[in-house]
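Working notes, beginning with the structure itself.
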Amino acid sequence: MTNQETTPSFEEAMDQLERIVAMLESGDVPLEKAIELFQEGMKLSQLCGQKLEQVERKIEVLLEQEGGLVKKPFQPGAEGEAR
């Protein structure tokens, strides 16, 4: 990720993050470069988290506007989990 004014879309950030993870997992990256990649990956991860939170809030607002719908917090994997 560069210091440009534009931020990547969620999909672009995820693609970049996946590439970084693959490079780090390969073990063929010098230590200095690995640290840079890790820092960039953390920024991308934070960006993706923020974008997901924004989408969740928009969905909650839409549900509230529909009236009569019950607002529940999103719990990934809660449905269909076998326990």
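Summarising the geometry, atom OG1 belonging to Thr7 is positioned 4.5 Å from atom NZ belonging to Lys51; distances are rounded to the nearest 0.5 Å. For the atom pair Ile20 CD1 and Gln39 CD, the distance stands at 11.0 Å (nearest 0.5 Å). Within the model, atoms CZ of Arg57 and CG of Leu52 stand 11.0 Å from one another, a figure rounded to the nearest 0.5 Å. Rounded to the nearest 0.5 Å, atoms CD (Gln16) and SG (Cys48) are 9.0 Å apart. Going from atom CD of Glu18 over to atom CD of Glu25 covers 11.0 Å, rounded to the nearest 0.5 Å. Note: Arg19 CZ to Leu24 CG = 13.0 Å, rounded to the nearest 0.5 Å.
No continuous path of ILVMFWY side-chain contacts below 4.5 Å connects Met14 to Val21, so the two sit in separate hydrophobic clusters. Leu37 and Leu17 fall within a single hydrophobic cluster, where Ile, Leu, Val, Met, Phe, Trp and Tyr side chains are chained together by heavy-atom contacts under 4.5 Å.
Of all non-hydrogen atoms in Ala34 and Val29, the two that sit nearest each other are N-CG1, 3.5 Å.
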